[in-house]
Amino acid sequence: TFLLVLSWFLLLSLMLTWFLSLSLMCTELFKLSLMSTELLKLSLIDTELLKLSLILTELLKLSLIDTELLKLSLIDTELLKLSLMLTELLKLSLIDTELLKLSLMLTELLKLSLILTEFIKLSLMLTDFLTRSLIHTQTLTL
């Protein structure tokens, strides 16, 4: 009987060892499960970081677009300046055209002045001729 109890005791001891071994395995499995949970949390954090990175990329794209719009705005400003300069040149061209018209009018006036001068010469010649004719007539009547 003692042997039987001892055998039972040994058998129970073996079973208890086996259960303890299973319990240790379960503990390790729980540890692995916790590690897996932490890895999943890290994976979620990584996913959020990737989302933020995508948002940052979009913001950078928008910043580039904004930079291009600023460049276009500068070009537009330069075009407006050139347009103003062209307007001023057109005004100067109109003034130049008016000056040319005045020059043509002055040329016509000078031509008329020359004609008038010729008329005055003719008038002087006629006066001289009439004076001589009068003198000649007076001489003849005497």
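Computation of the quantities below employed the complete heavy-atom set of this structure, encompassing side-chain atoms and omitting hydrogens, waters and symmetry-equivalent molecules.
Formation of a donor-acceptor pair under 3.5 Å by the S53 side chain with backbone atoms of L49 is not found in this model. Proximity of a side-chain donor or acceptor of S93 to a complementary backbone N or O of L89 within less than 3.5 Å is not detected. Side-chain atoms of S7 come within 3.5 Å of backbone N or O of L3 as a donor-acceptor pair. A donor-acceptor contact shorter than 3.5 Å is absent between the side chain of S36 and the backbone of L32. Using a distance-only test at 3.5 Å, with no hydrogens or angles considered, a donor-acceptor pair links the side chain of T27 to the main chain of S23. Judged by distance alone, with hydrogens and angles left aside, the side-chain atoms of T141 form a donor-acceptor pair with the main-chain N or O of T137 at under 3.5 Å. Checking side-chain atoms of S13 against main-chain N and O of F9 turns up no donor-acceptor pair under 3.5 Å.
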* Start with the C-alpha distance between L74 and L70, add both sets of side-chain angles, then the distance that settles side chain to side chain contact (heavy atoms under 4.5 Å, CB included), and finish with yes or no. => CA-CA 6 Å; L74 286 173; L70 285 173; 5.7 Å; no
* Take K81 and L84 through the test side chain to side chain contact (heavy atoms under 4.5 Å, CB included) and record every step on the way to the result. => CA-CA 5 Å; K81 286 180 184 176; L84 285 173; 5.6 Å; no
* Residues E38, L34; criterion side chain to side chain contact (heavy atoms under 4.5 Å, CB included); working and verdict -> CA-CA 6 Å; E38 290 302 313; L34 284 173; 5.7 Å; no
* **Test log, rule side chain to side chain contact (heavy atoms under 4.5 Å, CB included), inputs I45 and E48** => CA-CA 5 Å; I45 291 171; E48 290 303 314; 5.7 Å; no
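Going from atom CZ of R132 over to atom CG of L134 covers 13.0 Å, rounded to the nearest 0.5 Å. Between atom CG of residue L102 and atom OG1 of residue T97 there is a gap of 11.0 Å, rounded to the nearest 0.5 Å. Here the CE-CZ distance, from M35 to F30, works out to 15.5 Å after rounding to the nearest 0.5 Å. In this structure, OG1 on T17 lies 11.0 Å from CG on L24, to the nearest 0.5 angstrom. One finds the NZ atom of K31 at 13.0 Å from the SG atom of C26 (value rounded to the nearest 0.5 Å). To the nearest 0.5 Å, the span separating CG on D66 from CG on L62 amounts to 8.5 Å.
A chain of hydrophobic side-chain contacts below 4.5 Å, direct or via other Ile, Leu, Val, Met, Phe, Trp or Tyr residues, connects L4 to L11.
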